[in-house]
Structure formats: structure tokens, C-alpha cells
Amino acid sequence: MDQRNLGGEGLVVSELGLGCMGMSEFYGAGDEEESTATIHRAIELGITFLDTADMYGPFTNERLVGKAIAGRRDEVVLATKFGNVRGEDGSFHGVSGKPDYVREACDASLSRLGVDHIDLYYQHRVDPETPIDETVGAMKELVEAGKIRYLGLSEAGAETIRKAHAVHPISALQSEYSLFTRDVEDEILPTVRELGIGFVPYSPLGRGFLTGRWRSIEDMPEDDTRSARFPRFAEENFKKNLELADRVREVAEGKGITPGQLALAWLLAQGDDIVPIPGTKRREYLEENAAGAGVTLTEDDLAGIEEAMPRGSAAGERYAEEQMRAVGR
């Protein structure tokens with residue numbers, strides 16, 4: 001697995017990361033033994049950039065990841081996030097970027113992960129009630145204290161990114177980006193590239209849509225929340241998006257690879273400052289994703305992908321209305 005730089009401060013990661021969220025919540029029942037084996041297999045394959053957050057579970061995903069990397073801390077680059085406030089019962093309590101909360105959240109994450117430092121610490125969502133310079137100022141203090149090494153933001157708007165970067169260098173911005181979701185190409189990608197900030201696409205497989213594994217909503221597990229949470233999985237949009245995914249699958253079959261591998265190779269081809277973090281909780285899908293890093297796309301391939309799934313062709317917003325208000329701040 002090749003390595004890529006995120007930002008200009010020395011953060012080097014594997015060119016593909018592993019999103020660990022689905023091991024604990026949202027995408028159906030988890031299996032801690034298989035999830036742990038998946039993390040171990042990722043490390044064996046050279047996928048050493050692990051992504052979690054305090055809200056996943058809530059709180060249980062950090063514990064799972066921490067347990068899985070016990071004794072192997074030096075082999076991984078560990079990223080986690082704060083800002084989406086949840087209770088132990090899973091309830092959501094809004095977004096916070098208040099300095100005291102930043103410090104408390106970091107200490108809690110360190111404890112759950114069982115580590116003495118976090119490599120990349122993201123603000124998960126921007127708090128509209130707290131000036132970004134105050135939030136990043138608190139994060140900077142955590143760097144100075146040795147508790148975190150690099151700073152990140154998630155789903156922040158261009159102006160916020162600039163203000164944050166002026167307080168302390170931001171190494172990475174994590175936002176949704178895939179063949180299904182290309183809004184960041186307008187303003188966000190140009191901004192982070194101007195500032196020398198790396199870009200980490202989450203949901204690079206369109207929350208699984210681009211893998212081509214589903215033919216209907218009924219194919220998804222009963223306890224999978226995607227159809228309830230994301231408009232693109234709603235019944236009125238599913239069929240159209242399935243047709244788009246099928247067109248991507250046809251292009252992939254022409255190259256002898258899977259649709260997911262094609263989608264990941266497309267993202268990697270968008271720039272060497274891009275590091276996708278496909279999520280999975282099973283080794284078989286991890287291995288399939290890892291092989292996507294070895295796919296080379298020609299200009300003709302890229303043109304064919306663009307024709308199969310033109311920008312903006314996905315049906316439905318990526319989040320429900322309330323959640324959309326929380327992105328791009």
C-alpha cells in the first residue's frame with residue numbers, strides 16, 4: 001500500500017484508510033470478533049490509517065478500535081473526532097466546539113482508545129455558536145500538551161477552513177466525496193489545495209450503493225438505518241440511483257474489477273492529496289477495497305466513468321434537511 005501526505009506538517013498515511021463506524025452502529029448488527037479481525041487484516045495489508053469518532057456507538061467504536069490496536073499502536077495512524085454530542089443512551093444533544101468540551105472530549109477519547117496521543121483529531125461538525133478560532137485554539141493547546149499531533153475538520157465550509165488554518169495548520173479535511181457526491185469540487189477542494197490541506201473522503205462508495213450489492217431496499221438488513229436516514233435510499237430515489245450504479249458496474253466489468261474498486265480508483269485518481277476511508281466490518285470486503293488501490297485508470301476510463309455517472313446525477317440529497325444544515329458551515 002502506497003503512502004500519501006495529508007497537509008504540509010508531516011502527516012503520512014496509507015493511501016486508503018479504514019472507516020470503522022459501521023462496526024458499531026448504523027449499518028446493521030456488528031460482530032466484534034470479525035471487526036477486530038478486519039482491523040488486524042487491514043494492518044497486514046498496509047491499510048494503517050484508522051478512522052473512528054466518539055459518537056459512533058456511541059463511544060463503543062473507540063473502545064473496539066483501541067482494543068484491536070492494543071500492543072500495535074506504533075503500526076497505525078489513529079484518527080478520531082469530537083463535536084457531535086451524544087448521551088450514553090444514544091440520544092443526540094447537538095454540536096459543541098466549546099473549548100472546555102474540546103478538552104473533555106479529547107481526554108475521554110484517549111481513555112476509551114487506551115492511548116497517550118491521537119494522531120489526527122477532527123472537529124466532526126462545526127459549532128455555529130462557538131467561533132472557530134476558539135475551538136481550534138483549544139485543539140492547538142492539545143497539540144502543545146502532546147495529546148494530539150495533527151488537526152482536522154469535517155464538513156466545514158471554505159471560510160471556516162481559512163479561519164481555522166490561520167489559528168493552527170489544519171492537516172486534513174474530511175467530507176463526503178464519491179461518484180455520487182461531488183459538491184466539494186466547486187469550492188472546498190480548491191480551498192484546501194490552496195492552503196495545502198489534505199482531503200479525506202468518507203462514504204467513498206456512496207454508503208455502499210456503488211458496490212452494486214443491493215437490488216432493492218428489501219435486500220438491506222432490517223436493522224440497517226440507511227433507508228431511514230438518507231434520502232438517496234428512499235424508495236422514490238432508490239431505483240434511479242440503482243440504475244446509475246449499474247452503469248458504473250458495467251464500466252467496472254469492462255476492466256475486470258468490481259464497481260467498488262472502480263469507485264475507489266476514481267477517487268485516488270483525483271489527486272495525490274486524497275485519501276479515501278471506505279468503511280467495512282468484514283475482511284472479505286476490506287480485501288476487495290484494498291485491491292482498488294492497485295487499479296490504474298486511463299483517460300478513456302475516466303471519460304467512460306464520467307459518462308456513466310455524470311456529476312449531479314444522483315437522486316436525492318445526501319442527508320435529511322436537518323442534517324444538511326449542519327454541513328458546510
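Owing to the predicted nature of the structure, the values given are computational and were not obtained by experimental measurement.
With contacts defined as side-chain heavy-atom distances shorter than 4.5 Å, the pair L264/L262 does not qualify. Under the 4.5 Å side-chain criterion, counting only non-hydrogen atoms from C-beta, T52 is not in contact with L64. Proximity of L113 to T80: side-chain heavy atoms (C-beta onward) are separated by under 4.5 Å at one or more points. Contact of the E15 side chain with the M1 side chain is registered, since non-hydrogen atoms from C-beta on lie closer than 4.5 Å. You'll find the side chain of I274 reaches within 4.5 Å of the side chain of P276, heavy atoms only. Contact annotation: the side chain of I305 never approaches that of V248 to less than 4.5 Å [non-hydrogen atoms, C-beta and beyond]. Taking 4.5 Å as the limit, every side-chain heavy atom of Q3 sits out of range of all side-chain heavy atoms of F49. Annotation: side chain of D107 is in contact with side chain of L110 (closest heavy-atom distance under 4.5 Å).
More than 12 heavy atoms of other residues, nucleotides or ligands shown are found within 6.0 angstrom of CD on E236. Residue-environment remark: NZ (K255) exceeds the threshold of 12 foreign heavy atoms within 6.0 Å. Open room surrounds CD on E235; 12 or fewer heavy atoms of other groups in view lie less than 6.0 Å from it. Atom CD of E253 is surrounded by more than 12 heavy atoms from other residues, nucleotides or ligands within 6.0 Å. The number of heavy atoms from other shown groups lying within 6.0 Å of CZ (R149) does not exceed 12. The local environment of CD in E75 is crowded, with over 12 non-hydrogen atoms from other residues, nucleotides or ligands closer than 6.0 Å. Within a 6.0 Å sphere centred on NZ of K163, other residues, nucleotides and ligands contribute 12 heavy atoms or fewer.
Each of R41, R282, R283 was evaluated against E34; a single residue qualifies, R283, per the salt bridge (charged side-chain N to carboxylate O under 4.0 Å, His left out) test. With respect to L18, the side-chain contact (heavy atoms from CB on, under 4.5 Å) criterion is satisfied by exactly one of L45, L286, I277: L286.
Hydrophobic clustering places F230 together with F92 (ILVMFWY residues linked when any side-chain heavy atoms are closer than 4.5 Å, directly or through intermediates). By the criterion of side-chain heavy atoms lying less than 4.5 angstrom apart, applied directly or through intervening Ile, Leu, Val, Met, Phe, Trp or Tyr residues, V65 is not grouped with Y285; the two fall into different hydrophobic clusters. Both I43 and V77 are members of a single hydrophobic cluster when ILVMFWY side chains are connected at heavy-atom separations under 4.5 Å. No path of Ile, Leu, Val, Met, Phe, Trp and Tyr side chains, each step under 4.5 Å between heavy atoms, connects F82 with F59, placing them in separate hydrophobic clusters. Both L302 and V295 belong to a common hydrophobic cluster when Ile, Leu, Val, Met, Phe, Trp and Tyr are linked at side-chain heavy-atom distances under 4.5 angstrom.
Nearest heavy-atom pair, D127 versus E129, reported as atom, atom and distance to 0.1 Å: OD1-N, 2.9 Å. When every heavy atom of L268 is checked against every heavy atom of A293, the shortest pair comes out as CD1-CA, 3.8 Å. The two residues P190 and D186 make their nearest non-hydrogen contact at CG-O, 3.6 Å. The shortest non-hydrogen separation linking M23 to N61 is CB-ND2, 3.9 Å. The minimum heavy-atom distance linking P278 with L16 is given by the pair CD-CD2, 4.2 Å.
With hydrogens and angles disregarded, a donor-acceptor distance shorter than 3.5 Å links the side chain of R73 to the backbone of V76. A donor-acceptor contact shorter than 3.5 Å is absent between the side chain of S24 and the backbone of G57. Using a distance-only test at 3.5 Å, with no hydrogens or angles considered, a donor-acceptor pair links the side chain of T211 to the main chain of G208. A donor-acceptor contact shorter than 3.5 Å links the side chain of H165 to the backbone of I170. Between the side chain of S203 and the main chain of G206, no donor-acceptor pair closer than 3.5 Å is present. Judged by distance alone, the side chain of D51 and the main-chain N or O of G19 form no donor-acceptor pair under 3.5 Å. Side-chain atoms of R86 come within 3.5 Å of backbone atoms of M55 as a donor-acceptor pair (strictly under, hydrogens ignored). R247 contributes a side-chain N or O that, together with a main-chain N or O of E307, makes up a donor-acceptor pair within less than 3.5 Å. Proximity of a side-chain donor or acceptor of Q174 to a complementary backbone N or O of P201 within less than 3.5 Å is not detected. Counting only distance, with no hydrogens or angles, the side chain of R329 and the backbone of V126 share a donor-acceptor pair below 3.5 Å.
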From CA spacing to verdict: side-chain contact (heavy atoms from CB on, under 4.5 Å), I39, E44: CA-CA 9 Å; I39 292 172; E44 291 172 3; over 6 Å; no

Could you walk me through whether E317 and R232 pass the salt bridge (charged side-chain N to carboxylate O under 4.0 Å, His left out) check? CA-CA 6 Å; E317 290 282 0; R232 289 178 180 169; 5.7 Å; no

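For the residue pair H40/T38, the side-chain donor-acceptor check at 3.5 Å is not satisfied. For the residue pair Y122/E155, the side-chain donor-acceptor check at 3.5 Å is not satisfied. Side-chain polar atoms of T258 and E288 form a donor-acceptor pair below 3.5 angstrom. Checking S109 against D54 by side-chain atom types alone, no donor-acceptor pair falls below 3.5 Å. S111 and R63 form no side-chain donor-acceptor contact under 3.5 Å, judged by distance and modelled atom types alone. A donor-acceptor contact closer than 3.5 angstrom is absent between the side chains of T298 and D300. In this model, no donor atom of one side chain and acceptor atom of the other lie less than 3.5 Å apart for Y121 and K147. Judged by distance alone, the side chains of S154 and Q123 never bring a donor and an acceptor atom under 3.5 Å apart.
A salt bridge links R162 with E194: the distance from a Lys NZ or Arg NE/NH1/NH2 to an Asp or Glu carboxylate oxygen falls below 4.0 Å. A salt bridge is absent between K240 and E243: the closest approach of a Lys/Arg side-chain nitrogen to an acidic carboxylate oxygen does not fall below 4.0 angstrom. A salt bridge does not link D273 to R4: none of the charged side-chain nitrogens sits closer than 4.0 Å to a carboxylate oxygen. Under a 4.0 Å N-O distance rule, the pair D31/K281 does not qualify as a salt bridge. Comment: E185 engages R311 in a salt bridge, judged by a side-chain N to carboxylate O separation of less than 4.0 angstrom.
Ring-plane geometry between Y56 and H124 is classed as perpendicular, the angle between the planes exceeding 60 degrees on a 0 to 90 degree scale with a lower cut at 30.
Annotation: F238 is in aromatic contact with F209 [ring centroid separation under 6.0 Å].
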